Amino acid sequence: MSSKDEILAAIRRNIKTTYDLPEIKPEGDGYTDKIKQFTEVSRSVAANVVVLQEGEDLNQCIRALYPEAATVASNLPEITIQTIDPDKVETPHQLNGTMLGIVKGEFGVAENGCVWIPQNVKEKAVYFISEYLVILLNKTNIVNNMHEAYEKLHTYDYGFGVFISGPSKTADIEQALVVGAHGAKGVTTILI
Amino acid sequence: MNLQQTQWHNATLWMVRKKRDNLAMQIPEWEELRRLASQIKMHTLSHLDRYLVQFTDNAEANGAIVHWAKDADEHNAIVLDILNRHKARKLVKSKSMLTEECHLNPFLEANGIEVVESDLGERILQLMHAAPSHIVMPAIHLKRQEVGKLFEDKLHTEKDNSDPTYLTRAARQHLRNEFLTADASMTGANFAVADTGEIVVCTNEGNADMGTSFAPLHIVSVGIEKMAPNHSALGVFTRLLARSATGQPSTTYTSHYRKPRQGCEMHIVLVDNGRSKTLGNEAHQQALKCIRCGACMNTCPVYRRKGGYAYSYFIPGPIGINLGMLKSPKKYANNVSACSLCYSCNQVCPVQVDLADQIYSWRQQLDSIGKANKIKKIISTGLTCLFTRPRLYNNILKLAPVINHIPRFLIYNRLNGWGKGREMPPFAKESFTQMWKKGKVKK
């Protein structure tokens, strides 16, 4: 017998009582102002949230936020300040040294500040290796909580996808919070 | 740990517990989520054969290669074989308690593989050749000065600089180089989703993602109990996990690995190593519901004061006591004493594992496995004799205050564990019964 068969046989032999899958519909009120809630939670986890104003230029807005970013990686057509296209690198290693990554998020989660990003670049490395990350998000695409988020996930076909909430962080030395462990040292979500 | 360390450890873990309370209380339906999470786990575990097959079919359809390992040895051999086939010499790992359980690192190193832990806490411990003392905050027992000294020696940081930000940045630089030069990456899994065949990994540092973004090979080690039926189950678990673990609304990264990166390979090793046997143990099977958040450790009055190294099993705290007993009752029986049965762990567990009830149950079984403490057995027999003879009991009680006047060394010595580091209460001059009979007890 293969290990697979042996393990399955042992499981079948050992299960004595079976339990039903509960209906997963937790009660909970939605947020009256999802943008406000999303912004507050994001800020509490060290992320920055900016609302693009009517008539404001997106590229100028990003440049004003990160004036010193010399290497900017993005594959988005609306971004003109990029210096590297993460779709055109031969290896992800070529993204090493990226100061700013600009990527598109599909929807945000009001309850915990997560933004869903199904892989929409050739090399997902850009989400993690960029020293700073800008996520563009349509402000009408914010759901209340993770139940609604996972409902929406079904509509995406992805090989890799990630919820990102703020910059990378660690508290592994004495529980002292340090922002910027391995991933981005700062994250700005621009609500459009 | 000395007294100062004990106090610091206790206060720090309690702070994490309070952060958890704050975050949990923001969700009015918190208790309902815990109940749902528990029910989903019990359902999944009691249909585990079906979900494992479904997961495997879907993962293979996604292009991953699925392996099955009965035990730690088979797991380690599979991982080594995959690495050898790819001629991989350097493996960068993100945190995985399962690979600790399997003693994977020493095995790979003995076979010529360079293993680099990438979670900051794990890396610190690897450089110190030490084991984690907590499953989520592995280096919680260390002070910043110890880390500073270590990094001075290993990463050539400035002398006497133990600023956490400075040290973290140094590790960031050092590990970035490792990510970019590794031949293979390895992660554990927080969840494996049966109906999509995907693996979900939660981190704050982004180390799992950095590892898997560069190396051409990704190996996932996952315990078979990590199955989740579908995305709607994940909706429940992800709301509970980070809030319970560190008091955060979510981990920074919740990564969903469904297909291998373009031109790369993804291997998933499903590991039993005693889990299927635990399924058959109805009194203790609930330990398999655990999602490894560590909340039971943070709240445990014994863990907070003694630290992870006080336990003989590699996972400490209430869940570790139980997992150790499931692994080998004879070997790990001493851990069941590290519990005051305060039941705080039961109250905080996000998946309602009956941790304290299980510890109590293990204690009841100690005599049958030949692990009952001999002195305690003699005391129990003596007390049974005394408590069933009221006249004898009352006569002895009258004599008890004499103990208040005997020389100190007769009471405070190595035979009396209760006298270590604390004063024994004096015996009262009169017992309650005597006072009652004399009419001294007022309502």
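All chains are named by letter (A, B, ...) in the order of the sequence lines, taking the proteins before the strands, and each is independently numbered beginning at 1. From a predicted model like this one, the values you see are computed outputs, not experimental measurements.
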[X] side, atom [atom1]; [Y] side, atom [atom2] - distance, nearest 0.5 Å:
X        : Y        : atom1 : atom2 : answer
A:Asn145 : B:Leu33  : CG    : CG    : 9.0 Å
A:Ile173 : B:Gln145 : CD1   : CD    : 11.0 Å
B:Thr212 : A:Lys124 : OG1   : NZ    : 2.5 Å
B:Ser232 : A:His154 : OG    : NE2   : 7.0 Å
A:Lys169 : B:Glu205 : NZ    : CD    : 11.0 Å
A:Gln175 : B:Ile140 : CD    : CD1   : 4.5 Å

Side-chain donor/acceptor of [X] to backbone N/O of [Y], under 3.5 Å:
X        : Y        : value
A:His182 : B:Phe179 : no
A:Ser165 : B:Thr251 : yes
B:Arg176 : A:Ile129 : yes

[X], part contacting chain A, at a heavy-atom distance under 4.5 Å:
X        : answer
B:Leu23  : neither
B:Pro28  : neither
B:Leu279 : both
B:Gln173 : neither
B:Arg243 : side chain
B:Glu74  : side chain
B:Leu52  : side chain
B:Arg275 : neither
B:Thr12  : side chain
B:Pro260 : neither
B:Asn207 : both
B:Ala242 : neither

Just give me the residue among [options] that pairs up with chain A most often, heavy atom to heavy atom, under 4.5 Å.
options                                : answer
B:Thr196, B:Asp209, B:Val16            : B:Asp209
B:Val147, B:Thr238, B:Thr246, B:Thr278 : B:Thr238
B:Ser213, B:Gly206, B:Ser118           : B:Ser213
B:His47, B:Met137, B:Gln262, B:Arg169  : B:Arg169
B:Lys143, B:His141, B:Arg35, B:Gln26   : B:Lys143

With A:Tyr158 as partner, the option from B:Glu198, B:His256, B:Lys259 fulfilling side chain to side chain donor-acceptor pair (under 3.5 Å) is B:Glu198

Measure across [X] and [Y] and return the closest heavy-atom pair with its distance rounded to 0.1 Å.
X        : Y        : value
B:Pro249 : A:Val41  : CG-CG1, 3.9 Å
A:Pro22  : B:Gln39  : CB-OE1, 3.1 Å
A:Ser3   : B:Lys70  : OG-NZ, 3.3 Å
A:Lys4   : B:Trp68  : CG-CE2, 3.3 Å
A:Asp172 : B:Gly121 : OD2-N, 2.7 Å

Would you call the rings of A:Tyr150 and B:His231 parallel, tilted or perpendicular, where under 30° means parallel and over 60° means perpendicular? tilted

Give me the ring orientation class for A:Phe128 and B:Tyr253: parallel if the planes are under 30° apart, tilted from 30 to 60°, perpendicular past 60°. perpendicular

Leading residue by heavy atom contact count with chain B [cutoff under 4.5 Å; candidates A:Met146, A:His93, A:Glu23]: A:His93

Contact leader toward chain B among A:Glu148, A:Lys122, A:Glu131, A:Glu151, where contacts are heavy-atom pairs under 4.5 Å: A:Glu131

Show the numbers, then the answer: is there a side chain to side chain contact (heavy atoms under 4.5 Å, CB included) between A:Tyr19 and B:Lys41? CA-CA 9 Å; A:Tyr19 300 86; B:Lys41 280 283 180 186; over 6 Å; no

Heavy-atom count check: over 12 atoms from other residues, nucleotides or ligands less than 6.0 Å from [X] [atom1]?
X       : atom1 : result
A:Glu90 : CD    : no
B:Lys19 : NZ    : yes
A:Asp20 : CG    : no
A:Lys34 : NZ    : yes

Can you pull out the residues in residues 5-18 of chain A with any heavy atom less than 4.5 Å from chain B? A:Glu6, A:Ile7, A:Leu8, A:Ala10, A:Ile11, A:Arg12, A:Asn14, A:Ile15, A:Lys16, A:Thr17, A:Thr18

So which residues of residues 52-73 of chain A are in contact with chain B at a heavy-atom cut-off of under 4.5 Å? none

Find out whether [X] and [Y] are in side-chain contact, i.e. whether some heavy atom of one side chain is under 4.5 Å from a heavy atom of the other.
X        : Y        : value
A:Val178 : B:Leu167 : no
B:Val236 : A:His147 : yes
A:Leu21  : B:Ile40  : yes
B:Arg258 : A:Gln119 : no

What part of [X] is in contact with chain B, defined as an atom under 4.5 angstrom from a non-hydrogen atom: side chain, backbone, both or neither?
X        : answer
A:Glu174 : both
A:Pro118 : neither
A:Val179 : backbone
A:Asn96  : side chain

With side chain to side chain contact (heavy atoms under 4.5 Å, CB included) as the test, would you mind laying out the steps for A:Val45 and B:Thr252 before giving the verdict? CA-CA 8 Å; A:Val45 295; B:Thr252 303; over 6 Å; no

Does the structure place the NZ or CZ of B:Arg261 under 6.0 Å from the centre of the six-membered ring of A:Phe160, at an angle of no more than 45° from the ring's axis? no

